[in-house]
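In what follows, chains are A, B, ... by sequence order, proteins preceding strands, each numbered from 1.
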Number of protein chains: 2
Amino acid sequence: MTQKFEFLSKNQQIIYDIIENAKEPLKAYSILYSVKKKGIKAPPQVYRALDRLIKMGKIHKIESKNAFIACKNSNCTISNATAFSICDSCEAITEISNLKLSKYLANFQDDTGMRYNKYNLEFFGLCRKCKKNKS
Amino acid sequence: MTQKFEFLSKNQQIIYDIIENAKEPLKAYSILYSVKKKGIKAPPQVYRALDRLIKMGKIHKIESKNAFIACKNSNCTISNATAFSICDSCEAITEISNLKLSKYLANFQDDTGMRYNKYNLEFFGLCRKCKKNKS
DNA sequence: ATCGCTATGTTATATTATAACATATTTAAT
DNA sequence: ATTAAATATGTTATAATATAACATAGCGAT
């Protein structure tokens with residue numbers, strides 16, 4: 001069961017399925033709880049699968065929430081360019097796929113000349129629903 | 001000792017000074033260790049000060065590292081727009097102040113029409129030093 | 001002077017993540 | 001087929017990060 005890029009190992013598949021079917025980003029320990037019935041019993045099993053799914057670009061970590069979300073870009077094979085929209089009120093989180101934005105950031109160079117091979121961007125605000133409810 | 005925006009309380013000042021004088025971002029528990037001699041003994045005291053310093057814009061949290069860094073924009077009063085450059089090798093972290101970038105991101109609108117009042121961007125790559133050492 | 005607010009102090013505990021080691025499975029070379 | 005190397009899994013314990021909950025103290029306005 002050694003791993004080609006395209007294939008997921010047993011635990012990886014179990015954990016990916018749960019994240020993929022979730023309506024919101026999931027926390028590691030909530031995943032752990034969900035997979036206990038499938039025989040995955042300990043944190044390292046979950047974290048190992050998460051780490052590898054991230055490296056493969058199948059999921060992303062929302063750093064500000066310590067939560068994990070499936071990648072919606074079907075062609076995303078390496079998670080080196082991520083942007084998320086996060087509602088401060090209802091915590092709804094969606095991945096932003098915006099070609100202009102990703103091009104802009106992929107090509108960004110700072111004053112030091114340092115070149116980047118990866119970025120993560122998290123936007124915060126109120127989603128439409130929550131904006132309405134407030135007014 | 002009630003708090004105007006400009007003034008720091010005792011604990012806030014102690015903790016800000018340490019972060020400000022550090023050469024690299026500091027972790028909460030390393031700060032806690034440093035301030036034990038000053039009478040700050042428990043995590044909540046540190047985390048409360050950190051939270052408030054963040055709200056005031058005096059420091060920022062590097063989400064991917066759980067570390068805290070002083071804001072270098074002398075005029076930054078609210079930490080609603082942050083961008084960092086992180087070296088994957090030596091972990092050197094610097095805040096990016098780039099007017100073009102901040103304007104671009106402040107004005108960014110996604111397809112849903114959601115408007116953002118805050119963002120955090122973290123770029124990863126190799127800094128010049130580390131790039132040289134590798135070649 | 002006392003009420004409300006902010007800040008501080010303190011203990012305990014929750015949450016997130018990894019170290020370290022053992023076993024098993026797969027792959028690929030011989 | 002046999003075996004070595006690499007990958008994946010299982011397991012226990014613990015490290016690292018963060019917050020809940022409650023108590024006390026200081027300030028600032030009426």
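- At the heavy-atom level, A:K61 lies under 4.0 Å from the strands shown only through sugar-phosphate atoms.
- Distances shorter than 4.0 Å separate some side-chain N or O of A:K10 from OP1 or OP2 on D:dG10.
- For B:P44, counting side-chain heavy atoms from C-beta on, the closest listed nucleotide (D:dA20, D:dT17, C:dT16) is D:dA20.
- Which of D:dG10, D:dA18, C:dT8 sits closest to the side chain of B:F68 comes down to D:dA18.
- For B:S9 and C:dT6, the shortest distance from a side-chain N or O to OP1 or OP2 is not below 4.0 Å.
- Ring pair B:Y119/A:F123 is perpendicular by interplanar angle, where above 60° counts as perpendicular and below 30° as parallel.
- Nearest to the side-chain atoms of A:A42 among the listed nucleotides C:dG9, D:dT12, C:dA20 stands D:dT12.
- Checking the phosphate oxygens (OP1, OP2) of D:dA18, a side-chain nitrogen or oxygen of B:N66 falls inside 4.0 Å.
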message: With side chain to side chain donor-acceptor pair (under 3.5 Å) as the criterion, how do A:D110 and A:T112 come out once you've worked through the C-alpha distance, each side chain's angles and the decisive distance to 0.1 Å?
response: CA-CA 6 Å; A:D110 70 14; A:T112 72; 2.7 Å; yes

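- Residues B:E95 and B:C71 share a closest heavy-atom pair of OE1-CA, 3.6 Å.
- Side-chain nitrogen and oxygen atoms of B:K27 include none within less than 4.0 Å of the OP1 or OP2 phosphate oxygen of D:dA16.
- Closest contact between the side chain of B:N11 and the listed nucleotides C:dT16, C:dG9, D:dT19 involves C:dG9.
- The nearest whole Å value for the distance from the OH atom in B:Y33 to the C1' atom in D:dA15 is 17 Å.
- The phosphate of D:dG10 (OP1 or OP2) has a side-chain N or O of A:Q45 nearer than 4.0 angstrom.
- Considering only side-chain atoms of B:P43, the nucleotide from D:dT19, D:dT9, C:dA17 that sits closest is D:dT19.
- Nearest heavy-atom pair, B:Q109 versus B:R115, reported as atom, atom and distance to 0.1 Å: CG-NE, 3.3 Å.
- For B:Y29 and D:dA15, a side-chain-to-base donor-acceptor distance below 3.5 Å is absent, hydrogens and geometry of angles not being considered.
- For the pair B:Y47 and D:dT19, the criterion of a side-chain N or O lying under 4.0 Å from OP1 or OP2 is not met.
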message: Please determine whether salt bridge (charged side-chain N to carboxylate O under 4.0 Å, His left out) holds for the pair A:K65 and A:E91, giving the CA-CA distance in whole Å, both sets of side-chain angles, and the decisive distance to 0.1 Å.
response: CA-CA 9 Å; A:K65 306 284 180 190; A:E91 304 246 305; 2.9 Å; yes

